[in-house]
Amino acid sequence: MVTESGRTRKPVVAWVPSELDFGGLPKKMRDPARWFLGQIVSKTACGGVDVDGYARMRGDIVREIVGRAAWPAVLDYFKAAVETSPHIKGVRARGYRLGPEVGGAAVCVRLSHPPLVRRVLRWYEECERDQDARLLPIHRALRDQLAALTVTPEMDDAVAALDKAGARVCMSAAVQRIRHGQSAFSVSKTGRLFTSFCGLKRSLREHVRLAGERVCGIDIETCQPSLLAALPVLLGGMVPYASGIKSANIISPPCGLLLCGALTARVDRYHPNVLYFVRNLPDWVAELGSDFRDYRDVCAAGDVYLELADMAVQAGFDIPDDIKPRDWAKRAFLIAVLNGHASRF
């Protein structure tokens, strides 16, 4: 395909559930509908969903690409196949996920409706500019490694054995992209990496190979709370000890301030919450004093989620019976702290 600017580009494609019928839509709406369903599948396949499995999509982008006139009809047509979660203004976009009855494998469909293709290509160019400004050398190295991944013959049976039909659809898309060396790859404004490998269900990862060898993972318990506890060490030249936080010469305060400056100069390419957080964290730690030391200690012991769950119960929170208290506390921490808006800090 040749764009209006004369540059050769790959065809615009969408990974869509093979069992969905688009024939009931007017012809000019079918490719926009395929693009929309493809976004749900692709975001889910690379782990770009919230804790409830919803792929969040900005309404202005969806309406612009699908078409403002076509969007209500497309959403209504798939109301039985797509579940939605409402948006909260200024907090989160509307969420979408495949309904429980949507099954089959994902198939890659080339989109050819000219107005849609032009809109998608413009959006691609914007995304590529953002990614070029955001990628670090380690991201580029990881992208090269992802292209070298392969899967074993047993992978397809493992995908077919997944309990939920929607998961089978999305995981089949991720597997096919890995198999053909075309893994999705993007870095979000908060610095999180999304790839086809990141989105794989845990039961499927044992069937992935790199240079013929099994790929293994390291799970750091309470990783994100612990990183939060360790960050002031880098920013303020402090080193944690069992009896408290003491000044040390390993990272002197001037070096910590320089590192803080380097970080703030870099993170402005990401989400504004990150910049706000890095700039203010040392002052918050000083204000919290012994409370922060208590927090750091439970992180070091790996008990932070259990402690939070106990505190929540004592404060009168109702933890649902269908979720473990630790998992409930972890979800609450991720939503309220790591994904919280800067104005809430």
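Heavy-atom minimum distance, Phe333 versus Pro225: CE2-CG, 3.7 Å. Closest heavy-atom contact between Glu19 and Gly104: OE2-N, 3.4 Å. For the residue pair Arg205 and Cys198, the shortest heavy atom distance occurs at NH2-O, 3.0 Å. Between Leu135 and Arg143, the closest heavy-atom pair is CD1-NH1, 3.5 Å. When every heavy atom of Arg192 is checked against every heavy atom of Gly47, the shortest pair comes out as NH2-O, 4.4 Å. The two residues Arg134 and His139 come nearest to each other via the heavy atoms O-ND1, 4.0 Å.
With hydrogens and angles disregarded, a donor-acceptor distance shorter than 3.5 Å links the side chain of Ser172 to the backbone of Val169. Judged purely by atom type and a 3.5 angstrom limit, Tyr96 has no side-chain atom pairing as donor or acceptor with the backbone of Val82. A donor-acceptor pair under 3.5 Å is absent between the side-chain atoms of Asp31 and the main chain of Leu111, judged by distance alone. Arg68 places no side-chain N or O within donor-acceptor distance of the main-chain N or O of Ile65, the cut-off being under 3.5 Å. Using modelled atom types, one side-chain atom of Ser183 and one backbone atom of Ser196 make a donor-acceptor pair closer than 3.5 Å. Checked by atom type and distance alone, the side chain of Arg34 never pairs as donor or acceptor with a backbone atom of Ala14 at under 3.5 Å. Side chain of Ser18 to backbone of Ala105: a donor-acceptor contact under 3.5 angstrom is found. Side-chain atoms of Glu307 never come within 3.5 Å of backbone atoms of Asp303 as a donor-acceptor pair (strictly under, hydrogens ignored). Using a distance-only test at 3.5 Å, with no hydrogens or angles considered, no donor-acceptor pair links the side chain of Gln145 to the main chain of Arg140.
Expressed to the nearest 0.5 Å, how far CG of Asp50 lies from NZ of Lys43 amounts to 11.5 Å. Within the model, atoms CD of Glu128 and OG of Ser186 stand 12.0 Å from one another, a figure rounded to the nearest 0.5 Å. To the nearest 0.5 angstrom, Phe197 atom CZ is 6.5 Å from Leu149 atom CG. A distance of 5.0 Å separates OG in Ser188 from CZ in Phe194, rounded to the nearest 0.5 Å. Here the straight-line distance linking atom CZ of Arg58 with atom CD1 of Ile61 works out to 4.0 Å at 0.5 Å rounding. The distance from atom CE of Met311 to atom CG of Leu306, rounded to the nearest 0.5 Å, is 13.0 Å.
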Item to complete: For Thr150 and Val208, run side-chain contact (heavy atoms from CB on, under 4.5 Å): C-alpha distance rounded to whole Å, both residues' side-chain angles, the deciding distance at 0.1 Å, then the answer.
Response: CA-CA 6 Å; Thr150 59; Val208 177; over 6 Å; no
Discussion item. What verdict does the side-chain contact (heavy atoms from CB on, under 4.5 Å) test give for Arg168 and Lys164, after you've listed the backbone C-alpha separation in whole Å, the side-chain angles of each residue and the deciding distance to 0.1 Å?
Written reply: CA-CA 6 Å; Arg168 293 195 292 272; Lys164 297 181 179 179; 5.8 Å; no
Practice prompt. Any chance you could lay out the side-chain contact (heavy atoms from CB on, under 4.5 Å) test for Val304 and Cys299, step after step, and finish with the verdict?
Written response: CA-CA 5 Å; Val304 63; Cys299 285; 4.2 Å; yes
Item to complete: Just do the side-chain contact (heavy atoms from CB on, under 4.5 Å) check on Asp60 and Arg63 with the steps written out, would you?
Response: CA-CA 5 Å; Asp60 58 334; Arg63 288 189 295 271; 4.3 Å; yes
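The aromatic ring centroids of Trp15 and Trp35 lie 6.0 Å or more from each other.
Because its NZ or CZ atom is not both nearer than 6.0 Å to the ring centre of Phe22 and within 45° of the ring axis, Arg30 does not count as a cation-pi partner of that residue.
Side-chain contact between Leu200 and Met171 is present, with heavy atoms from C-beta onward closer than 4.5 Å. Using a 4.5 Å cut-off on side-chain heavy atoms (C-beta onward), Val12 and Tyr124 make contact. Residues Val62 and Arg94 are not in side-chain contact: their nearest non-hydrogen atoms beyond the backbone lie 4.5 Å or more apart. Within the 4.5 Å cutoff, no side-chain heavy atoms of Val41 are placed close to those of Val16. A heavy-atom distance below 4.5 Å is not found between the side chains of Val117 and Pro114. Taking 4.5 Å as the limit, some side-chain heavy atom of Met57 sits within range of a side-chain heavy atom of Ile40. No side-chain heavy atom of Asp130 sits under 4.5 Å from any side-chain heavy atom of Glu125. No side-chain heavy atom of Val109 sits under 4.5 Å from any side-chain heavy atom of Val13.
Counted within 6.0 Å of CG on Asp291, heavy atoms from surrounding residues, nucleotides or ligands total more than 12; the atom is thus considered enclosed. Atom CZ of Arg202 sits in a sparse spot, with 12 or fewer heavy atoms from other residues, nucleotides or ligands closer than 6.0 Å. No more than 12 heavy atoms of other residues, nucleotides or ligands shown are found within 6.0 angstrom of CD1 on Ile138.
Sequence neighbours left out, not one pair with a member in residues 320-330 passes salt bridge (Lys or Arg N to Asp or Glu O under 4.0 Å).
Every residue meeting the salt bridge (charged side-chain N to carboxylate O under 4.0 Å, His left out) condition with Asp76, not counting sequence neighbours, appears here in chain and number order: Lys79. For Trp71, the ring-ring contact (aromatic ring centres under 6.0 Å, His included) test picks out Phe36, with sequence neighbours left out. Taking Asp157 as the reference, nothing meets the side chain to side chain donor-acceptor pair (under 3.5 Å) condition, with sequence neighbours excluded. By the ring-ring contact (aromatic ring centres under 6.0 Å, His included) test, Phe185 is found to be paired with no residue, residues two or more places apart in sequence or in another chain being considered.
Hydrophobic clustering of Ile, Leu, Val, Met, Phe, Trp and Tyr side chains at less than 4.5 Å, counting indirect connections, unites Leu146 with Leu136. The cluster map of Ile, Leu, Val, Met, Phe, Trp and Tyr, joined by side-chain heavy atoms under 4.5 Å apart, puts Tyr54 and Leu75 in different clusters. Hydrophobic cluster membership is shared by Met29 and Leu20, with clusters built from Ile, Leu, Val, Met, Phe, Trp and Tyr side chains linked at under 4.5 angstrom. Leu193 and Leu210 end up in the same hydrophobic cluster when Ile, Leu, Val, Met, Phe, Trp and Tyr side chains are linked at under 4.5 Å. Residues Ile323 and Leu308 fall into different hydrophobic clusters, defined by Ile, Leu, Val, Met, Phe, Trp and Tyr side chains chained together at heavy-atom separations under 4.5 Å.
In this model, a donor atom of one side chain and an acceptor atom of the other lie less than 3.5 Å apart for Arg56 and Ser85.
With respect to Asp52 and Arg331, a salt bridge is recorded, a charged nitrogen being found less than 4.0 Å from a carboxylate O.
Grouping Ile, Leu, Val, Met, Phe, Trp and Tyr residues whose side-chain heavy atoms lie under 4.5 Å apart, directly or via other members, leaves Val49 alone, with no other cluster members.
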